[in-house]
Amino acid sequence: GDSVTQMEGPVTLSEEAFLTINCTYTATGYPSLFWYVQYPGEGLQLLLKATKADDKGSNKGFEATYRKETTSFHLEKGSVQVSDSAVYFCALSSKPLQGAQKLVFGQGTRLTINP
Amino acid sequence: DTEVTQTPKHLVMGMTNKKSLKCEQHMGHRAMYWYKQKAKKPPELMFVYSYEKLSINESVPSRFSPECPNSSLLNLHLHALQPEDSALYLCASSQDLVWPDGSSYNEQFFGPGTRLTVL
């Protein structure tokens with residue numbers, strides 16, 4: 001079945017450092033890909049998305065490019081801030097033969113940014 | 001309105017209690033979801049409703065009973081829960097689109113969750 005493999009962390013960086021969180025996937029067809037962020041005590045928020053190969057999703061300084069050839073969707077940010085401290089989930093949109101569509105999540109990466 | 005609301009925010013219940021969690025969205029989405037999330041883990045899908053009909057039940061114990069009264073509301077009825085059911089319960093909704101080529105697009109909007117503690 002479809003799956004997502006994500007760098008588990010935890011990841012600890014200093015403010016203004018460069019961030020990469022790796023995400024690779026296995027899927028039939030061409031799923032849409034997402035990064036969600038979860039701040040402490042909150043639900044998940046969509047950070048960015050890409051719906052087809054070579055699409056680049058971007059939001060709040062974060063970027064990720066849908067790479068079909070490497071089945072990857074790595075999350076990057078050039079200069080992180082303390083407020084970026086959260087758990088980040090990579091996910092893909094999965095359509096089973098029967099039943100409704102669903103999201104398949106990676107295990108999540110806990111990011112801590114120190115001032 | 002791009003918000004999914006959930007009530008209550010926190011819930012403490014005993015193992016013999018009956019309680020309900022509520023979820024509401026007014027985005028016209030036709031699919032709604034319940035997830036259970038334990039600490040340091042990704043959300044774990046429990047149920048999916050599509051066009052107000054139960055589409056997926058991920059082998060959830062019968063002490064959890066979902067209900068979809070209309071296209072905007074989703075309930076989760078709880079009865080005789082166990083301490084290991086303590087978790088964050090998340091609701092989500094989506095348009096549940098499929099692209100013309102048949103590929104999947106399932107952007108989900110999540111609520112803030114209900115933090116459930118079973119004593």
Side-chain angles (χ1 to χ4, degrees), chain A residues 1-6 8-10 23 25 27-53 55 57 59 66 68 86-112, chain B residues 2-6 9-10 23 25 27 29-59 68 88-115:
Chain A
D2 296 349
S3 65
V4 175
T5 301
Q6 183 181 341
E8 284 198 26
C23 172
Y25 67 90
T28 52
Y30 304 106
S32 294
L33 301 173
F34 307 91
W35 277 100
Y36 282 87
V37 59
Q38 187 173 31
Y39 298 101
E42 297 184 10
L44 275 69
Q45 299 176 25
L46 180 68
L47 181 60
L48 52 84
K49 63 189 178 189
T51 58
K52 61 182 186 297
D55 266 3
N59 185 26
Y66 189 159
K68 192 177 82 171
V87 180
Y88 292 81
F89 292 99
C90 184
L92 66 80
S93 187
S94 178
K95 182 175 178 295
L97 289 175
Q98 291 185 337
Q101 298 185 83
K102 56 184 181 180
L103 288 176
V104 176
F105 288 95
Q107 288 301 301
T109 300
R110 182 171 299 275
L111 174 66
T112 301
Chain B
T2 59
E3 191 179 9
V4 176
T5 58
Q6 289 188 245
K9 192 169 174 64
H10 300 277
C23 173
Q25 58 88 13
M27 294 178 277
H29 290 170
R30 306 309 298 196
M32 296 186 76
Y33 310 78
W34 279 117
Y35 291 87
K36 173 183 178 180
Q37 188 180 25
K38 299 286 265 186
K40 300 185 179 181
K41 294 291 187 182
E44 181 184 334
L45 184 64
M46 300 174 71
F47 302 104
V48 181
Y49 273 83
S50 179
Y51 290 86
E52 302 168 44
K53 289 186 172 16
L54 184 64
S55 177
I56 295 178
N57 176 344
E58 295 283 18
S59 302
C68 189
L88 180 67
Y89 287 83
L90 295 165
C91 174
S93 70
S94 78
Q95 288 182 299
D96 202 26
L97 298 175
V98 177
W99 296 119
D101 66 359
S103 58
S104 169
Y105 181 71
N106 191 230
E107 177 182 349
Q108 293 185 19
F109 292 76
F110 284 81
T114 294
R115 175 72 60 187

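It should be emphasised that the depicted structure is a prediction, and the values quoted were computed from it without experimental measurement. Each chain gets a letter, A, B and so on, in the order the sequences are listed, and its residues count up from 1.
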K.L.:
For chain B, which of A/Gln38, A/Lys102, A/Gln6, A/Lys52 has the most heavy-atom pairs under 4.5 Å?
P.N.:
A/Lys102

K.L.:
For B/Lys38, look at atom NZ and say whether over 12 heavy atoms of other residues, nucleotides or ligands are found less than 6.0 Å away.
P.N.:
yes

K.L.:
What are the two closest heavy atoms between A/Phe89 and B/Gln37, and how far apart are they?
P.N.:
CZ-NE2, 3.7 Å

K.L.:
Where is the tightest heavy-atom contact between B/Pro42 and A/Phe105, given as atom of each residue plus distance?
P.N.:
CB-CB, 3.9 Å

K.L.:
With sequence neighbours excluded, what pairs up with B/Gln108 under the side-chain hydrogen bond (donor to acceptor under 3.5 Å, both in side chains) test?
P.N.:
B/Tyr35, B/Asn106

K.L.:
Quick check on A/Gln45 against chain B: is it the side chain, the backbone, both or neither that has a heavy atom closer than 4.5 Å?
P.N.:
neither

K.L.:
Below 4.5 Å from any heavy atom of chain A, which atoms of B/Gln6 appear? Answer side chain, backbone, both or neither.
P.N.:
neither

K.L.:
Residues in side chain to side chain contact (heavy atoms under 4.5 Å, CB included) with B/Phe47, at least two apart?
P.N.:
B/Trp34, B/Leu54, B/Asn57, B/Val60, B/Phe64, B/Pro66, B/Leu76

K.L.:
Please classify the contact of B/Tyr49 with chain A as side chain, backbone, both or neither, using a heavy-atom distance under 4.5 Å.
P.N.:
neither

K.L.:
How long is the gap from CD on B/Gln95 to CD on A/Gln101, to the nearest 0.5 Å?
P.N.:
11.0 Å

K.L.:
For residues A/Glu42 and B/Leu88, report the shortest heavy-atom separation together with the two atoms involved.
P.N.:
O-CD2, 4.1 Å

K.L.:
Could you look at A/Thr28 and say if it's the side chain, the backbone, both or neither that has a heavy atom under 4.5 Å from chain B?
P.N.:
neither

K.L.:
Identify the two heavy atoms, one from A/Gly41 and one from B/Lys9, that lie closest to each other, and give their separation to 0.1 Å.
P.N.:
O-NZ, 4.4 Å

K.L.:
Give, as side chain, backbone, both or neither, the part of A/Leu44 having an atom under 4.5 angstrom from any heavy atom of chain B.
P.N.:
both

K.L.:
Between A/Lys49 and chain B, which part of the residue has a heavy atom less than 4.5 Å away: side chain, backbone, both or neither?
P.N.:
side chain

